[in-house]
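One structure is given here, and the rest of the page talks about it.
Given the structure is predicted, the values throughout are model-derived calculations rather than measurements. Below, all heavy atoms of this structure are taken into account, side chains as well, without hydrogens, waters or symmetry copies. Start at 1 with the first residue, then count along the sequence.
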Amino acid sequence: MAASIATWHGVTPPNDVALRMLGDLEKLIRDFEALRGSLRFEDEPSSFEAALREAASIEVRR
């Protein structure tokens, strides 16, 4: 990832802390990718307004 950033933006990590944070970012990206398709908000309804209506109807049913 550091090489990609350097190639595209001409920036390199300035110290060990930055390299460690870059590793944390890579892990975070993998963790989010692992959740793809399993998050409830990705299901229908697909629009924010429809999601609000759905949430309101769930609350009324309780």
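Both V11 and M1 are assigned to one and the same hydrophobic cluster, defined by single-linkage of ILVMFWY side chains at heavy-atom distances under 4.5 Å.
Proximity of L22 to I5: side-chain heavy atoms (C-beta onward) are separated by under 4.5 Å at one or more points.
Classification of D31 and K27 as a salt-bridged pair holds, one side-chain N sitting under 4.0 Å from a carboxylate O.
If you take CG on D16 and CE on M21, they are separated by 13.0 Å, rounding to the nearest 0.5 Å. T12 contributes atom OG1, which lies 9.0 Å from atom CG of L19 (distance to the nearest 0.5 angstrom).
By the 6.0 Å contact criterion, CD on E33 is enclosed, its count of non-hydrogen atoms from other residues, nucleotides or ligands being greater than 12.
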